[in-house]
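A short worksheet on the structure shown next.
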Amino acid sequence: MTHQRLATGRAGEAHATAHYLRLGYELIARNARTRFGEIDLVMRTRETLVFCEVRTRVAGRGNPIESFDSRKALQVRRMAGRWLAENRLSPRPSSIRLDAAAITVTVDGGLVSLEVLEGAL
């Protein structure tokens with residue numbers, strides 16, 4: 001992966017994290033590794049645990065929403081299940097949600113647009 005792609009991805013994850021924090025969520029993990037892959041964000045409120053897959057594109061280089069597909073949704077489900085099996089939370093959340101965040105940034109990482117699709121995966 002190129003330095004620019006890594007920087008774009010990090011910028012998108014930072015914007016998504018800031019969005020959830022503004023809504024009162026707590027960051028539990030970022031780039032959490034499982035045997036099925038990496039979970040971009042694990043966030044929680046007292047009641048809800050959220051696994052979020054973040055897709056980021058530079059403005060003018062495609063729509064990040066188009067990069068979500070059923071294969072990726074299945075992978076996120078597997079990763080979330082593995083993460084839950086390996087991590088005990090207290091108190092246990094009453095619900096779990098799999099979100100997709102589609103983020104567009106400028107070349108230098110500035111936010112252009114952010115759309116979180118709750119329960120999309």
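For clarity, every value in this text was computed on a predicted model and none was experimentally measured.
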Checklist entry - Within the side chain of H15, is there an N or O that forms a donor-acceptor pair under 3.5 Å with the backbone of G109? => result yes

Checklist entry - With Q75, which of K72, R78, R77 fulfils side chain to side chain donor-acceptor pair (under 3.5 Å)? => result K72

Next on the checklist: With a 4.5 Å cut-off on side-chain heavy atoms, are L41 and T17 touching?
Outcome noted: yes

Checklist outcome for this item: In short, I65 meets A102 closest at the heavy-atom pair CG1-CB, 3.3 Å

Item to check | Closest non-hydrogen atom pair, R46 against P91 | outcome: NH1-CG, 4.0 Å

Checklist entry - Any link between F68 and V58 through a network of hydrophobic side chains (Ile, Leu, Val, Met, Phe, Trp, Tyr) touching at under 4.5 Å? => result no

Item to check | Reported CE-to-CD distance for the pair M43 and E26, which is rounded to 0.5 angstrom | outcome: 8.0 Å

Checklist entry - Are any non-hydrogen side-chain atoms of I96 and L84 less than 4.5 angstrom apart? => result yes

Next on the checklist: Within this structure, what is the CG-OH distance for the pair D99 and Y20, rounded to the nearest 0.5 Å?
Outcome noted: 3.5 Å

Item to check | Whether S67 side chain and P64 backbone form a donor-acceptor pair below 3.5 Å | outcome: yes

Item to check | Co-membership, hydrophobic cluster, residues V116 and L98, 4.5 Å side-chain | outcome: no

Next on the checklist: If hydrophobic clusters are built from ILVMFWY residues whose side chains come within less than 4.5 Å, do L21 and I39 share one?
Outcome noted: no

Next on the checklist: What's the separation between atom CD1 in I28 and atom CH2 in W83, rounded to the nearest 0.5 Å?
Outcome noted: 6.5 Å

Next on the checklist: Is there a path of hydrophobic side-chain contacts, each under 4.5 Å between heavy atoms, that joins L27 and F51?
Outcome noted: no

Next on the checklist: For T8 and T56, which I'm curious about, is there any donor-acceptor pair between the side chains at under 3.5 Å?
Outcome noted: no

Next on the checklist: Go through it in stages, so that I can follow the logic: the residues are E13 and N31, the test is side-chain contact (heavy atoms from CB on, under 4.5 Å), and I'd like the CA-CA distance, side-chain angles, deciding distance and then a yes or no.
Outcome noted: CA-CA 9 Å; E13 289 173 2; N31 305 120; 3.2 Å; yes

Checklist entry - Just by distance, do the side chain of E53 and the backbone of A101 share a donor-acceptor pair under 3.5 Å? => result no

Item to check | Polar contact flag, side-chain donor to acceptor under 3.5 angstrom, T104-R57 | outcome: no

Item to check | Straight-line distance of R82 CZ to N87 CG, nearest 0.5 Å | outcome: 11.0 Å

Checklist entry - Under 4.5 Å between any side-chain heavy atoms of E47 and P93, yes or no? => result no

Next on the checklist: What I want to find out is whether E38 reaches R33 closely enough, with some N-O distance under 4.0 Å, to be called a salt bridge.
Outcome noted: yes

Item to check | 4.5 Å side-chain heavy-atom contact, T48 and V50 | outcome: yes

Checklist outcome for this item: When rounded to the nearest 0.5 Å, the distance separating CZ of F36 from CE of M79 is 10.0 Å

Checklist entry - With distance as the sole test, does D40 use its side chain to make a donor-acceptor pair with the main-chain N or O of V54 at under 3.5 Å? => result yes

Item to check | Distance, nearest 0.5 Å, that separates CZ of R10 from CZ of R30 | outcome: 9.5 Å

Checklist entry - Would you say the side chain of L89 lies within less than 4.5 Å of the side chain of R44, judging by non-hydrogen atoms? => result yes

